[in-house]
Amino acid sequence: MELKQYQIVIVNLDPTQGSEIKKTRPCVIISPNEMNRHLKTVTIAPLTISKTNYPTRVNVLFQNKMGKIVLDQVRTIDKARIVKAATFLSKKEIELTKQIIYETFVR
């Protein structure tokens with residue numbers, strides 16, 4: 001399965017510990033395509049339908065439901081955790097995601 005940056009994939013995140021986001025859920029691949037092609041891992045940010053607004057979260061529409069990309073729970077996973085590939089973020093969602101990643105991790 002070819003995996004691309006800003007693609008939404010369904011991922012089994014269990015087992016987890018403590019406050020980590022659990023269960024099988026949609027996640028956004030944020031690692032660059034070069035890494036995705038050559039490594040057995042990808043870096044993802046999970047999606048949630050929580051209504052809580054944090055500055056590290058980006059609103060997205062996935063399967064006709066509003067959700068949020070949880071950029072404060074970024075993690076690297078083995079590709080074996082990916083259950084199936086889905087769609088891609090919109091251009092607007094990608095730009096917002098890049099902006100929040102920059103403000104959170106680079107600035």
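FYI, the numbering just counts along the sequence from 1. Quick caveat, the model's predicted, so the values are computed rather than measured.
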- Query: Does one hydrophobic cluster hold both I44 and L3, with members joined at side-chain heavy-atom distances below 4.5 Å?
  - Reply: yes
- Does one hydrophobic cluster hold both I94 and V58, with members joined at side-chain heavy-atom distances below 4.5 Å? yes
- Are E95 and Q99 close enough that a side-chain donor and a side-chain acceptor fall under 3.5 Å? no
- Item | K79 side-chain N/O to N36 backbone N/O, donor-acceptor pair under 3.5 Å | yes
- Any chance you could measure E2, atom CD, to Q7, atom CD, to the nearest 0.5 Å? 8.5 Å
- Give a yes or no on whether Y6 and Y102 share a hydrophobic cluster (residues Ile, Leu, Val, Met, Phe, Trp, Tyr; joining criterion: side-chain heavy atoms under 4.5 Å apart). no
- Item | Residues K68 and N53: side-chain donor-acceptor under 3.5 angstrom | yes
- Item | Non-hydrogen atoms of V9 and A85 that approach each other most closely | CG1-CA, 3.9 Å
- Message: If you count heavy atoms of other groups shown closer than 6.0 angstrom to NZ of K22, is the number above 12?
- Response: yes
- Query: What do the steps show when you test I101 against V74 for side-chain contact (heavy atoms from CB on, under 4.5 Å), and what is the final call?
  - Reply: CA-CA 10 Å; I101 289 172; V74 170; over 6 Å; no
- Message: Nearest 0.5 Å, please: how far is CD1 in I100 from CG in D72?
- Response: 10.5 Å
- Query: Residues two or more places apart in sequence or in another chain: which of them pass side-chain contact (heavy atoms from CB on, under 4.5 Å) with S19?
  - Reply: none
- Query: CZ of R75 to CZ of R81: how many Å apart, nearest 0.5 Å?
  - Reply: 5.5 Å
- Item | OG1 on T104 to CZ on R57, rounded to 0.5 Å | 11.0 Å
- If Ile, Leu, Val, Met, Phe, Trp and Tyr residues are connected whenever their side-chain heavy atoms lie under 4.5 Å apart, and connections chain through other members, are I69 and F88 in the same group? no
- Task: Would you give the length of the straight line joining atom OH of Y54 to atom OG1 of T48, rounded to the nearest 0.5 angstrom?
- Result: 10.0 Å
- Query: Is L13 close to R25 at the side-chain level, that is, under 4.5 Å between some pair of heavy atoms?
  - Reply: yes
- Contact check, side chains of V60 and V28, non-hydrogen atoms, under 4.5 Å: no
- Item | Sidechain-backbone polar pair: T43 side chain, S31 backbone, donor-acceptor under 3.5 Å | no
- Query: For the residue pair L47 and V70, what are the closest heavy atoms and their distance?
  - Reply: C-CG2, 4.5 Å
- Task: Specify the closest pair of heavy atoms between C27 and P46, including all atoms of both residues, with the distance to one decimal.
- Result: SG-CA, 3.6 Å
- Message: Suppose clustering is done on Ile, Leu, Val, Met, Phe, Trp and Tyr with side-chain heavy atoms closer than 4.5 Å. Which residues sit in the same group as M35?
- Response: L39
- Task: Could you tell me the separation between the CD1 atom of I82 and the CG atom of N12, rounded to the nearest 0.5 Å?
- Result: 11.0 Å
- Task: Check whether any side-chain heavy atom of V42 lies under 4.5 Å from a side-chain heavy atom of I77, and answer yes or no.
- Result: yes
- Share the residues that join M66 in a hydrophobic cluster, the rule being Ile, Leu, Val, Met, Phe, Trp or Tyr side chains under 4.5 Å apart at the heavy-atom level. L61
- Determine, step by step, whether T16 and I21 satisfy the side-chain contact (heavy atoms from CB on, under 4.5 Å) criterion, reporting the C-alpha distance in whole Å, the side-chain angles of both residues, the deciding distance to 0.1 Å, and the verdict. CA-CA 7 Å; T16 58; I21 289 184; over 6 Å; no
